[in-house]
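Computation of the quantities below employed the complete heavy-atom set of this structure, encompassing side-chain atoms and omitting hydrogens, waters and symmetry-equivalent molecules. Letters go in sequence order (proteins before strands), and every chain restarts at 1. The structure presented is a predicted model; accordingly, all values stated were derived computationally and were not measured.
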Amino acid sequence: MTTETHGPVRVRFAPSPTGFLHVGGARTAIYNDLLRQKLGGAFILRIEDTDKERSDEAMTRQIQSALAWIGTVWDEGPFLQSERLPRHHERAEELLAAGKAYRCFCTPEELDAQRAEAQKKGTAFRYPRTCLRLSQEEVEARLAEGRTFAVRFRMPDDNIRFKDMVRGDMDFPPDALDDFILLRSDGNPTYHMSVVVDDIDMRITHVIRGEDHLSNTPKHIPLFQALGGEVPTFGHLPLILGPDKKRLSKRYGATSVEEFRNEGILPQALYNFLALLGWSPGDDREIMTREEMIQLFSVDRLNASPAVFDREKLLWMSSQYMARHSTAELMPHLQTFLEQAGLADADPDRLAATLELHRTRARTLKEMVEQVLPYFRESLEYDAAACAKFLKDPALPGLLETLRDRYAALPEFTKEALEAGLRALSEERGVKAGVLIHPVRMALSGAAGGPPLFDLVEVMGREASRRHLDRFVAYLRAGNAATGSPG
RNA sequence: GUCCCCAUCGUCUAGUGGUUAGGACUCUGCCCUUUCAAGGCAGCAACACGGGUUCGAAUCCCGUUGGGGAUACCA
């Protein structure tokens with residue numbers, strides 16, 4: 001918005017390990033990454049795993065791997081928030097001793113009833129500070145009875161104001177906030193307590209997080225102050241929406257970084273795409289390397305309005321990235337797809353050559369491998385609809401046999417020689433080159449479209465080409481017989 | 001319900017009082033071409049609505065509508 005930001009900064013990304021890394025989270029991590037790289041400082045990765053029932057160690061590893069895969073770089077961590085619980089507890093005790101927090105003996109049942117009441121009256125529920133008014137003696141008496149208590153933060157009575165990096169001036173009146181809980185009655189710190197203590201201890205200067213935290217910020221700011229910490233600069237990112245303008249959900253396909261990885265999206269493409277979902281460099285540039293984005297990045301250009309996730313555009317961007325990288329560069333990313341397709345042991349040169357032919361014809365790595373698979377098959381399925389026109393020409397099988405024989409006899413099996421051979425034959429027989437070209441493509445690939453024919457034949461090789469032409473001629477003849485075309 | 005946020009082509013966006021409202025994805029057409037892609041060119045398509053402020057509003061203010069978020073002893 002209008003926030004001047006200059007480095008160095010200490011930023012953090014703090015996911016809770018309750019599932020795969022969501023693209024929304026990935027985008028948050030990307031903006032933190034860009035800001036850190038732009039201004040210097042440190043990016044801290046912190047895993048907020050204090051909700052043990054929902055947290056999973058495997059997910060923690062998964063999130064790290066997803067972050068590393070898209071290309072974000074963190075300098076410190078991962079720190080596990082669960083390991084810092086004693087520290088959070090200790091700081092809460094300090095607040096209690098200093099009178100900045102107080103014990104609350106109200107039971108959840110009582111509070112629920114009060115909440116329901118407020119709901120019925122159509123007003124916002126705010127903790128009525130029942131226990132703040134307890135005298136020292138009353139507190140002692142309850143403690144003596146052995147009653148359990150939660151610890152609540154004593155919120156200040158003034159408006160909470162701050163300048164959000166993406167939304168500008170924010171102002172929350174005191175009646176919108178209440179004395180939230182710091183320590184649960186089982187003694188465990190709540191999320192609010194943990195984040196603020198961690199952000200202070202980790203000397204965080206800038207917090208970029210999702211909009212779902214916007215209403216937490218006016219709680220966190222006074223807590224930072226009460227704990228004697230520097231209040232970081234906040235920026236709240238709008239959520240990523242699905243085509244239905246609701247929060248992006250599984251309903252419309254992949255939502256996690258992991259899934260896009262499995263679909264064969266190049267990590268650089270996903271990084272680029274996500275970075276552009278809520279930020280733009282200000283000019284018309286779209287395809288940018290991380291380095292370029294770091295150069296161009298500015299929190300001032302972060303958008304405040306939510307963006308719809310457009311799968312088509314991601315696919316387009318993915319294809320752009322494949323077109324701009326050599327097959328050799330793509331190879332490491334292709335590995336798992338090659339294994340899945342059973343091509344892990346294929347001849348490397350031949351594999352590279354076929355992949356090269358399809359690099360600009362596929363939108364994902366997975367598609368690229370699928371397109372290349374027929375080159376390694378003994379026999380092919382022919383696209384029957386596209387074959388229909390070849391079946392009608394009784395001269396074609398003979399022509400293809402002649403071509404097959406000439407190709408087999410070629411001294412040099414190069415695309416130049418192959419093209420010369422085919423064109424010579426077409427001229428001799430007085431047919432257009434296309435009459436031969438299309439059936440040959442079908443014979444070798446099973447498809448009506450694809451790479452330039454002579455590249456295709458060369459890569460296919462002498463032996464395989466011969467075999468495929470044989471099979472296709474047989475297929476055509478069988479087809480003619482089947483349709484019972486009269487002599 | 002209450003509080004908060006958001007609003008330019010279908011989608012991502014540029015635009016910060018005066019523009020023929022620009023670019024990208026998608027779609028359509030043409031060129032290139034042995035096909036499919038890629039690439040090039042062209043086209044379709046937007047300031048949610050209503051009031052102000054102003055000589056002049058996509059841009060500033062107020063409403064309405066629509067969408068989203070938050071309303072926990074979850075994170």
Take atom [atom1] in [N] and the same atom in [M], then report the distance between them in whole Å.
{"N": "B:U65", "M": "B:G50", "atom1": "C1'", "result": "10 Å"}
{"N": "B:C60", "M": "B:G67", "atom1": "C1'", "result": "24 Å"}
{"N": "B:C25", "M": "B:G18", "atom1": "C1'", "result": "31 Å"}
{"N": "B:C12", "M": "B:U2", "atom1": "P", "result": "29 Å"}
{"N": "B:A46", "M": "B:U26", "atom1": "C1'", "result": "15 Å"}
{"N": "B:G15", "M": "B:U35", "atom1": "P", "result": "42 Å"}
{"N": "B:U54", "M": "B:U13", "atom1": "C1'", "result": "29 Å"}
{"N": "B:A57", "M": "B:G1", "atom1": "C1'", "result": "37 Å"}

Going by heavy atoms in the side chains, are [X] and [Y] under 4.5 Å from each other?
{"X": "A:Leu143", "Y": "A:Phe149", "value": "yes"}
{"X": "A:Pro174", "Y": "A:Met155", "value": "no"}
{"X": "A:Tyr127", "Y": "A:Cys106", "value": "yes"}
{"X": "A:Phe79", "Y": "A:Arg12", "value": "no"}
{"X": "A:Thr18", "Y": "A:Asp51", "value": "no"}
{"X": "A:Leu183", "Y": "A:Pro189", "value": "yes"}

Within the structure shown, what part of the strands sits under 4.0 Å from [X] by heavy-atom distance: base, sugar-phosphate, or nothing?
{"X": "A:Lys246", "answer": "sugar-phosphate"}
{"X": "A:Pro243", "answer": "nothing"}
{"X": "A:Ile181", "answer": "base"}
{"X": "A:Gly434", "answer": "nothing"}
{"X": "A:Glu286", "answer": "base"}
{"X": "A:Gly210", "answer": "nothing"}
{"X": "A:His213", "answer": "base"}
{"X": "A:Leu453", "answer": "base"}

Between B:A14 and A:Arg301, is there an OP1 or OP2 to side-chain N/O distance shorter than 4.0 Å?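 Yes, such a contact exists.
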Could you state the atom-to-atom distance from [atom1] of [X] to [atom2] of [N] in whole Å?
{"X": "A:Arg423", "N": "B:U33", "atom1": "CZ", "atom2": "C1'", "result": "11 Å"}
{"X": "A:Arg311", "N": "B:C27", "atom1": "CZ", "atom2": "C1'", "result": "19 Å"}
{"X": "A:Leu248", "N": "B:G69", "atom1": "CG", "atom2": "P", "result": "12 Å"}
{"X": "A:Leu182", "N": "B:A72", "atom1": "CG", "atom2": "P", "result": "16 Å"}
{"X": "A:Ile240", "N": "B:G68", "atom1": "CD1", "atom2": "P", "result": "16 Å"}
{"X": "A:Asp51", "N": "B:C73", "atom1": "CG", "atom2": "P", "result": "14 Å"}
{"X": "A:Asn216", "N": "B:A70", "atom1": "CG", "atom2": "P", "result": "9 Å"}
{"X": "A:Asn272", "N": "B:U13", "atom1": "CG", "atom2": "C1'", "result": "14 Å"}

Hey, what are the protein-to-nucleotides 38-45 of chain B N/O distances that come in under 3.5 Å?
from	atom 1	to	atom 2	distance (Å)
B:G39	OP1	A:Gln320	NE2	3.0

What nucleotide, of [options], holds the atom closest to the side chain of [X]?
{"X": "A:Thr190", "options": "B:U34, B:A75, B:G22", "value": "B:A75"}
{"X": "A:Arg247", "options": "B:A14, B:A70, B:C25", "value": "B:A70"}
{"X": "A:Asp212", "options": "B:G69, B:U34, B:C73", "value": "B:G69"}
{"X": "A:His438", "options": "B:U35, B:G69, B:U11", "value": "B:U35"}
{"X": "A:Asn303", "options": "B:A14, B:A75, B:U11", "value": "B:A14"}
{"X": "A:Arg115", "options": "B:G69, B:C73, B:A75", "value": "B:C73"}
{"X": "A:Glu312", "options": "B:A37, B:C73, B:C25", "value": "B:C25"}

Of A:Asn216, A:Thr217, A:Thr28, which meets side chain to side chain donor-acceptor pair (under 3.5 Å) against A:Arg209?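 Considering A:Asn216, A:Thr217, A:Thr28, a side chain to side chain donor-acceptor pair (under 3.5 Å) with A:Arg209 is found only for A:Thr217.
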For [N], what is the paired nucleotide under Watson-Crick or G-U wobble rules, both distances under 3.5 Å?
{"N": "B:A48", "value": "B:U64"}
{"N": "B:G39", "value": "B:C31"}
{"N": "B:A24", "value": "B:U11"}
{"N": "B:U2", "value": "B:A70"}
{"N": "B:C55", "value": "B:G18"}

Are A:Glu356 and A:Thr327 linked by a side-chain donor-acceptor pair shorter than 3.5 Å? yes
Quiz question: by atom type and distance under 3.5 Å, do the side chains of A:Asp198 and A:His88 form a donor-acceptor pair? yes
Polar-atom pairs under 3.5 Å, protein N or O versus N or O of nucleotides 2-9 of chain B: list them with distances, or write none.
from	atom 1	to	atom 2	distance (Å)
B:C5	O2'	A:Arg167	NH1	2.2

Check whether the ring centres of [X] and [Y] lie less than 6.0 Å apart, and answer yes or no.
{"X": "A:Tyr31", "Y": "A:His206", "value": "no"}
{"X": "A:His358", "Y": "A:Tyr375", "value": "yes"}
{"X": "A:Phe260", "Y": "A:Phe309", "value": "yes"}

When you measure from the side chain of A:Arg129 to the backbone N and O of A:Arg154, does any donor-acceptor pair fall under 3.5 Å? no
Closest to the 5' end of RNA chain B, once A:Pro451 and A:Thr50 are matched to their nearest nucleotides, is A:Pro451
For A:His192 and B:A75, do the ring centres fall under 5.5 Å apart while the planes stay under 30° apart?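 So A:His192 does not count as stacking on the base.
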